[in-house]
Each structure stands twice: as C-alpha cells, then as structure tokens.
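Down below is the structure, laid out as structure tokens.
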Amino acid sequence: AAVEHLKREGIYASLAEAVKASLYKAEALPSGDAYRFSNHAQGLRATFTPSGARVASSMGGRELVIKPIGYGYGRRMTRLDSQKMVARGNRIEHEYALKESAISNQQSAIQEWFVNTEAGIEHGFTLPERPPAGQIGDEALRVEMEVGGDFEPRLDAARLAVTFACGCGAGELTYDKLKVYDARGREAPARFELEGKRLAVVVEDGEAEYPLTIDPTLALQETSMFTQQAMLKKSNGETNDGFGFSVAISGNTAVAGAPGDDGGKGAAFVFTRSGTTWTRQPTPTANDGE
C-alpha cells in the first residue's frame, strides 16, 4: 500500500533512486583524510588513503593496491605527491601535485577519482594541463601506477584491459573500458602497458586540448572465476535426451534444450540465478508434442 501511494504521488522513482544512491555513498573513516566504499552488488570493499586505494574482494578478503606515482612523456616521469582527498556522495577525488619542489604549480597536477556504482568501482584521472616536462616529437603521454597486494596483473593482447587474479578463490578484478577524451570531447587513442607491478595508461595526446580526462567507464569490478560457476544438470537425464544440445543465456536466466526428452517430444529446461546459486524452474513443454 505504501509503494502504491508513493507511485500515485509521483515520488516513488526519486525515492528509490535516493535509497539506491545511499548504498554506494562514501563513508569517512575515523583516521581522517580517508574514506571507504562498500559495493554489495559486486562483492567489493575499498578504502582510500593518501598512500593509495585498496580494493578487496569479499570472498577471501584479498586486496588489490593501486596508486599513481608519476606522469610525463616517454620515460621522463615527473613524480606525484598526494595533496588532499575529498568525498562527494559516491565520488572520491584525490588530488596530486608535482613532487619536485623546484617546479611550482598553483593547481593540482592531476586528479584521481573513484565512483562507486552498482556496476563496479569506476576509476579515472583528470589532467588540467600537459605534464611540465613537455612532449618531444611524437612521444606519448604516460600516467603510471604502482599495483600491489594479492592480485597478479595480466594484460590482454589488445592492451585495452588488465585482469587481476590471485588464484585463491577470491574472484578476478578487471580494469577495462579504457577511453580518453579532451576538452572538446574528442577521443584520444589510448592503451595500457604493464611492466612487472607498474601499470601505465598511455595516451596519444598530440592533438588533444586540455584538460584531458581518462574516461569514467574505466572500472574495477569483480567477475566470476571457476569457483563461482555452477554445472547445470537435468536430475533425471537419460543418455539420449540431448540435454544442452542448444543453450541460451540472458542476464540471470539460462535455458538448455533437450530435443530427445520425454521420448523425443523435447523440452526446454530453465534455470535462474540468484547470487551464485542456480535454481531450476518449471519446464516448458508442448502439450501436443509429437
């Protein structure tokens, strides 16, 4: 009755959105200048301090530590120093200044930010100006991060995604959807590079107009590993049923065809997922099946 009343008053959608947003809001920690995200949808917890971000899987509590350490062109990196961190709703902004005291800069050299949503913890950067070292020739911009913790990084062949795995049943973390755009909304070619525990975002920014943004769709999110998968079976299966002859999946629903079931009449077996548990649903069959 309460829900129907809210819908009639036209405030149900906004209230539901506000409740959902509150689930992903940043929480200030007692230590000061530190915050925490909880992401129940992806099974992630994250803490943010001047020493970096620590993203933990709820399965096993294993952590990924990630921190920007420098930026520049080619191999000429300018070191970064943590300045301040603020939280606004489900967004955390961490500002870094140039570590070299000989270079004065009135504004932050780079802003790192995180956004907590149902889809995962988004991670990006905003650069108000080009690095002070300056570009020589066709050198590419590099933003370098140091990664640590329990997860080992793996770079895909296209250099557009990084997977972090620990082989400990804690799931995988994916770092992907890499896009970079400039002040005029033009996209700049970008890729990842990985050397040991040092991960870099490499951007061809020769024609870009600053400020430059490393896209908000760059996300850390937990994905399934073998320990979270399930084998779907037909409990009373016969040798010639052909269960799994055809399979389709959409969201949390999977359908497996068995053309030889029930003496050759055939059937479609439906399973739905809640969390990591699959439950068989009533089986659709043809009443006049031949």
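Everything quoted here is computed from the prediction, not taken from an experiment.
- Residues Val180 and Tyr210 fall within the same hydrophobic cluster, defined by Ile, Leu, Val, Met, Phe, Trp and Tyr side chains chained together at heavy-atom separations under 4.5 Å.
- Checked for salt-bridge contact, Lys67 and Glu112 miss the test: no charged N lies under 4.0 Å from a carboxylate O.
- Proximity of Pro132 to Leu98: side-chain heavy atoms (C-beta onward) are separated by under 4.5 Å at one or more points.
- Follow the hydrophobic side-chain contacts under 4.5 Å out from Tyr24 and you never reach Tyr35; the two are in separate clusters.
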Exercise for review: Starting from the C-alpha separation in whole Å, work towards a yes-or-no answer on side-chain contact (heavy atoms from CB on, under 4.5 Å) for Met77 and Arg142.
Suggested key: CA-CA 8 Å; Met77 292 288 104; Arg142 296 174 62 88; 3.7 Å; yes
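- Here the CD atom belonging to Gln111 is positioned 11.5 Å from the CE atom belonging to Met85, to the nearest 0.5 angstrom.
- In this structure, a donor-acceptor pair under 3.5 Å is absent between the side chains of Arg54 and Ser51.
- Listed here is the closest heavy atom pair of Ala188 and Glu204: CB-O, 3.7 Å.
- Put simply, the side chain of Asn90 gets close to the backbone of Asn116: a donor and an acceptor are under 3.5 Å apart.
- Taking each heavy atom of Gln281 and Thr279 in turn, the nearest pair found is NE2-O, 3.4 Å.
- Note that CG of Asp33 and CD of Gln83 are 10.5 Å apart. Values are rounded to the nearest 0.5 Å.
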Practice item. With side-chain contact (heavy atoms from CB on, under 4.5 Å) as the test, would you mind laying out the steps for Ile92 and Trp113 before giving the verdict? Key: CA-CA 5 Å; Ile92 291 173; Trp113 45 261; over 6 Å; no
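- At least one side-chain heavy atom of Val143 sits under 4.5 Å from a side-chain heavy atom of Ile110.
- Between the Ser250 side chain and the Thr253 main chain, no donor and acceptor come within less than 3.5 Å of each other.
- Although no hydrogens or angles enter the test, the distance criterion places no donor-acceptor pair under 3.5 Å between the side chain of Thr213 and the main chain of Asp215.
- Remark: the backbone N or O of Leu160 is not paired with any side-chain donor or acceptor of Asp176 at under 3.5 angstrom.
- A continuous path of Ile, Leu, Val, Met, Phe, Trp and Tyr side chains, each step under 4.5 Å between heavy atoms, connects Leu155 with Leu64, placing both in one hydrophobic cluster.
- Side chain of Asn39 to main chain of Gly43: no donor-acceptor pair is present (N/O by atom type, distance under 3.5 Å, no hydrogens or angles).
- Side-chain contact between Phe164 and Thr174 is absent, with no heavy-atom pair separated by less than 4.5 Å.
- The shortest non-hydrogen separation linking Glu207 to Asp182 is O-OD2, 4.3 Å.
- Looking only at side-chain heavy atoms (C-beta outward), Leu173 and Phe151 come within less than 4.5 Å of each other.
- Val65 and Val162 fall into different hydrophobic clusters, defined by Ile, Leu, Val, Met, Phe, Trp and Tyr side-chain heavy atoms under 4.5 Å apart, directly or through other members.
- Across all non-hydrogen atoms, the minimal contact from Gln135 to Gly206 is OE1-CA, 4.1 Å.
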Point to revise | Tyr73/Ile136 under side-chain contact (heavy atoms from CB on, under 4.5 Å): CA gap, chis, key distance, verdict | key: CA-CA 8 Å; Tyr73 289 101; Ile136 299 176; over 6 Å; no
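- A donor-acceptor pair is defined here as one N or O able to donate and one able to accept, closer than 3.5 Å; no such pair exists between the side chain of Asp241 and the backbone of Phe243.
- Remark: the backbone N or O of Glu63 is paired with a side-chain donor or acceptor of Asp150 at under 3.5 angstrom.
- A salt bridge links Glu193 to Arg191: at least one charged side-chain nitrogen sits closer than 4.0 Å to a carboxylate oxygen.
- Side chains of Glu122 and Thr117 form a contact here, defined as non-hydrogen atoms less than 4.5 Å apart.
- Taking the charged nitrogens against the carboxylate oxygens, Glu93 and Arg91 do have a contact shorter than 4.0 Å, which makes a salt bridge.
- The pair Arg76-Glu139 meets the salt-bridge criterion, since a charged nitrogen lies less than 4.0 angstrom from a carboxylate oxygen.
- Counting heavy atoms from C-beta on, the side chains of Lys197 and Glu152 come closer than 4.5 Å.
- Looking only at distances, no side-chain donor or acceptor of Asp205 sits under 3.5 Å from a matching main-chain atom of Ala208.
- Taking the charged nitrogens against the carboxylate oxygens, Arg79 and Glu144 have no contact shorter than 4.0 Å, which rules out a salt bridge.
- Between Phe192 and Tyr175, the ring centre distance stays below 6.0 Å.
- Counting only distance, with no hydrogens or angles, the side chain of Glu9 and the backbone of Leu6 share no donor-acceptor pair below 3.5 Å.
- The CD1 atom of Ile69 sits 5.0 Å away from atom CD of Glu146, with the distance rounded to the nearest 0.5 Å.
- When all heavy atoms of Phe48 and Ala46 are compared, the closest pair comes out as CZ-CB, 3.6 Å.
- Linking Ile, Leu, Val, Met, Phe, Trp and Tyr whenever their side-chain heavy atoms come within less than 4.5 Å puts Leu194 and Val203 in one cluster.
- Side chain of Asp261 to main chain of Lys265: no donor-acceptor pair is present (N/O by atom type, distance under 3.5 Å, no hydrogens or angles).
- Phe37 and Phe114 have their aromatic ring centers separated by at least 6.0 angstrom.
- Using a 4.0 Å cut-off between charged side-chain N and carboxylate O, Arg75 and Glu195 make a salt bridge.
- Tyr96 OH to Phe125 CZ: the interatomic distance, rounded to the nearest 0.5 Å, is 7.5 Å.
- The CG atom of Leu141 sits 7.0 Å away from atom CD1 of Ile214, with the distance rounded to the nearest 0.5 Å.
- Within the model, atoms CG of Leu127 and CZ of Arg130 stand 10.5 Å from one another, a figure rounded to the nearest 0.5 Å.
- In terms of heavy-atom proximity, Pro153 sits nearest to Gly196 at CG-O, 3.9 Å.
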